[in-house]
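All figures in this text were calculated on a predicted structure; none of them were measured in a lab. Just so you know, these numbers use all the heavy atoms, side chains as well, and skip hydrogens, waters and symmetry mates.
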Amino acid sequence: MSGSPRLLVLWCPDWPVVAAGAVAGTSPLAAAAVFSGNRVVACSAEARRNGVGRGMRRRDAQSRCPELVVHQHDPDRDARLFEPVAAAVEAQAVGVEVVRPGIVAVPVTGAAGYFGGEEALGELLVNEVEAQAGVECQVGIADGLFAATLAARRSAFVPPGGTPAFLAPLSIAELNQPGDDRGELVDTLRRLGLRTLGAFAGLAERDVAGRFPKDAVTAHRLARGLAERPPLRRALPPDLAVTEEFDDPLKRVDEAAFVAKTLGERFFAGLAHHGLACTRLAIVAVTEAGEERVRVWRCAEPLTARATADRVRWQCEGWLTTRDRPTAGIVRLRLDPEEVVGGQALQLQLGSMGRDADAAERAGRALVRIQGLLGPDAVVTPLLDGGRGPAERVRLVPWGEPRRPAVEDRPWPGRLPAPSPARVAPRPPAALVLDALGDEVRCTERGELTYPPATVAVDGGPSRRVLGAAGPWVVHSPSPAKRGARARIQVVLEGEHDDLALLLRVTVGLDPQWTVEGVYD
């Protein structure tokens, strides 16, 4: 049903803490946490028992656990030390894919048949990782990477086709996995009363697409047990792989870091030229002695140039520093996109401006260049300001100018309640609102409709039956009612295929003038 491959995920709990502790020589049983930007990105089980959690500030974490061992976030360290774990899994199963340091995924079908079933395969890999890498881990199996990852955290083996039922009772917070950055979406869904994945999955995809950011559609697919994105059905060009050969073999990590940056930029630019982005990247290294090493990195989000370079650097560092390092230096590196999606799925730069300093700087330079070509008012950003109606509350601020509200956010009697309409017309079309007897509906000075609306005709079009209405909300003004007071109502109109929800505005008094102020999608 889902089209998602059946995967086994091997998960090393709290891997950043385990890797940091291995380098620092601290006890794996100690209360410890890894910090980035003064916030917890990972913590040990003992730290969690003392009240420390992901996202907590350092001061709060240490106040809850005074003996907390503090480590700094180092993705290079995490990836370098995880290579022996991936190699141990690869020694028993083919098709190993590193999702991120701490998690690997393995296709189940062939390996499970060879080793005598899914449970036997899982037990074998756990024992092999502990024996070869000295690391404790858990495994889980399900349809799709997202469900398999959650199954691994619970050591669960979900039967084929049972992924939606497995996901349904889980907390909506599971959508906010490390690296996904869905905290705001999860908070919004909680406020709406959607506290489980099943409750979120029960919404219509059209409603999710119309009311939430684009990433919510991906999250909704995951909650339903589907693949992150529908399959890409276009033919792929043959020249997507990027290869770099070296006259002087790579033997040091600093050399690999320099190569990774240029190679990642070339790879990303080549895909972008064809309107594509990569979600599964194969990194192939050939040594001077003819040895070939291959590692596949799977990513939930399409790789940027920087993310590609990070994975190339991590992998080269892992190969060059582990006990099972090649006997000679690397003379050829190849990046091969094993899975791609349409480039429209990669919309990270502007959306991450508040969280990624590099993205903010690049986007800022681009916007300034556009202003230089088209004028200072050609690039604007929206700012939510004070006011009563939807059009009044949104103000467009030219890029570079201070984003300060122009109107004090005080109580606004008559303000339209949430949700706001998705579309607001710059020139509201006229409307004719009639009651059941065919008389035009008016709003009195006391803020009451003369009769319930029965039909609405927009801009001289055909009349449509009113299925439901809410309001009116009268805009209080210091002026007398006859000099411009107005009211708003929300109506749902019957349609041949889909119902239509509108926000209508009317002048208060004996001569009503109805207009369509907004449309709800």
Side-chain angles (χ1 to χ4, degrees), residues 73-80 82-83 86 96-105 145 177-181 215 218 228-229 232 236-246 250 253-286 292-320 330 332-353 355-363 366:
H73 186 44
D74 186 352
D76 294 353
R77 173 197 62 209
D78 299 344
R80 180 179 70 252
F82 191 66
E83 177 58 24
V96 173
E97 301 173 355
V98 179
V99 180
R100 61 176 180 268
I103 296 180
V104 293
L145 177 62
Q177 295 294 318
D180 291 338
D181 197 17
D215 184 56
T218 300
E228 290 91 346
R229 298 172 188 84
L232 184 67
L236 299 180
D239 55 345
L240 296 179
V242 173
T243 303
E244 184 75 21
E245 298 189 359
F246 314 105
L250 296 181
V253 173
D254 57 342
E255 295 174 336
F258 177 78
V259 170
K261 184 177 185 300
T262 57
L263 201 59
E265 290 175 350
R266 282 177 50 199
F267 178 77
F268 178 79
L271 290 176
H273 176 72
H274 295 288
L276 299 171
C278 179
T279 53
R280 283 177 61 207
L281 171 66
I283 304 173
V284 183
V286 179
E292 183 176 275
R293 300 290 179 94
V294 181
R295 179 71 71 240
V296 176
W297 286 79
R298 174 188 284 268
C299 308
E301 292 296 332
L303 290 169
T304 62
R306 179 176 177 179
T308 303
D310 285 343
R311 281 152 180 79
V312 175
R313 186 180 72 255
W314 296 343
Q315 194 56 61
C316 289
E317 186 173 353
W319 281 329
L320 294 174
I330 298 173
R332 185 186 308 124
L333 272 177
R334 186 175 80 250
L335 306 187
D336 195 359
E338 294 206 346
E339 181 179 272
V340 296
V341 296
Q344 70 273 10
L346 184 63
Q347 299 289 341
L348 305 180
Q349 302 301 324
L350 289 175
S352 60
M353 284 177 61
R355 302 180 296 272
D356 188 328
D358 291 341
E361 183 180 355
R362 290 193 297 271

Trainee: Once side chain to side chain donor-acceptor pair (under 3.5 Å) is applied, do any residues pair with Glu292, and if so which ones, sequence neighbours excluded?
Mentor: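 Per chain and number, Glu292 pairs via side chain to side chain donor-acceptor pair (under 3.5 Å) with no residue.
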Trainee: Enter the distance from Glu317:CD to Asp254:CG here, rounded to the nearest 0.5 Å.
Mentor: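 So the CD of Glu317 and the CG of Asp254 are separated by 10.0 Å.
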Trainee: Quick one: CZ on Arg311 to CG on Leu281, what's the gap to the nearest 0.5 Å?
Mentor: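 Those atoms lie 8.5 Å apart.
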Trainee: Indicate the atoms forming the closest heavy-atom contact of Ile283 with Trp297, along with that distance.
Mentor: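 Between these two residues, the closest heavy atoms are CD1-CD1, 3.8 Å.
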Trainee: Can Leu250 and Trp319 be said to form a side-chain contact (heavy atoms from CB on, under 4.5 Å), step by step?
Mentor: CA-CA 11 Å; Leu250 296 181; Trp319 281 329; over 6 Å; no
Trainee: Enumerate donor-acceptor pairs with a distance under 3.5 Å from any side-chain N or O in residues 334-342 to protein atoms, sequence neighbours excluded.
Mentor:
unit_1	atom_1	unit_2	atom_2	d
Glu338	OE1	Arg280	NH2	3.0
Glu339	OE2	Thr279	OG1	2.8

Trainee: Please round to the nearest 0.5 Å and tell me the distance separating atom CZ of Arg100 and atom CZ of Phe82.
Mentor: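 Result: 10.0 Å between the selected atoms.
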Trainee: So do Asp78 and His73 actually touch side chain to side chain, heavy atoms under 4.5 Å?
Mentor: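 Yes, their side chains come closer than 4.5 Å.
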Trainee: To check you understand the geometry: which heavy-atom pair defines the closest contact between Pro101 and Trp314, and what is its length?
Mentor: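 Looks like CD-CZ3, 4.4 Å.
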Trainee: Of all the heavy-atom pairs spanning Ala86 and Val96, show the shortest one and how long it is.
Mentor: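 In terms of heavy atoms, the two residues are closest at O-CG1, 4.4 Å.
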Trainee: If every non-hydrogen atom of Phe267 is compared with every non-hydrogen atom of Thr308, which pair is closest and at what distance?
Mentor: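 For Phe267 and Thr308, the tightest heavy-atom pair comes out as CD2-CG2, 3.8 Å.
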Trainee: Rounded to the nearest 0.5 Å, what separates atom CD in Glu83 from atom CG in Leu320?
Mentor: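 Separation between the atoms: 10.0 Å.
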Trainee: Apply side-chain contact (heavy atoms from CB on, under 4.5 Å) to residues Leu333 and Cys316 and explain how you reach the verdict.
Mentor: CA-CA 9 Å; Leu333 272 177; Cys316 289; 3.9 Å; yes
Trainee: Crowded around Phe246 CZ? As in, over 12 foreign heavy atoms under 6.0 Å?
Mentor: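 For Phe246, atom CZ is crowded (more than 12 foreign heavy atoms under 6.0 Å).
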Trainee: Step by step, work out the side-chain contact (heavy atoms from CB on, under 4.5 Å) result for Val312 and Val259.
Mentor: CA-CA 9 Å; Val312 175; Val259 170; 5.9 Å; no
Trainee: Working to the nearest 0.5 Å, report the span between CD of Glu265 and OG1 of Thr304.
Mentor: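 Answer rounded to 0.5 Å: 10.5 Å.
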Trainee: Measuring from Glu97:CD to Leu145:CG, what's the distance to the nearest 0.5 Å?
Mentor: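 Nearest 0.5 Å value for the CD-CG distance: 8.5 Å.
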Trainee: If every non-hydrogen atom of Ala277 is compared with every non-hydrogen atom of Pro302, which pair is closest and at what distance?
Mentor: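 So the two residues come closest at CB-CB, 3.6 Å.
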Trainee: Which heavy atom of Ala257 sits nearest a heavy atom of Arg313, and at what distance?
Mentor: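 Closest approach of Ala257 to Arg313: CB-CD, 3.6 Å.
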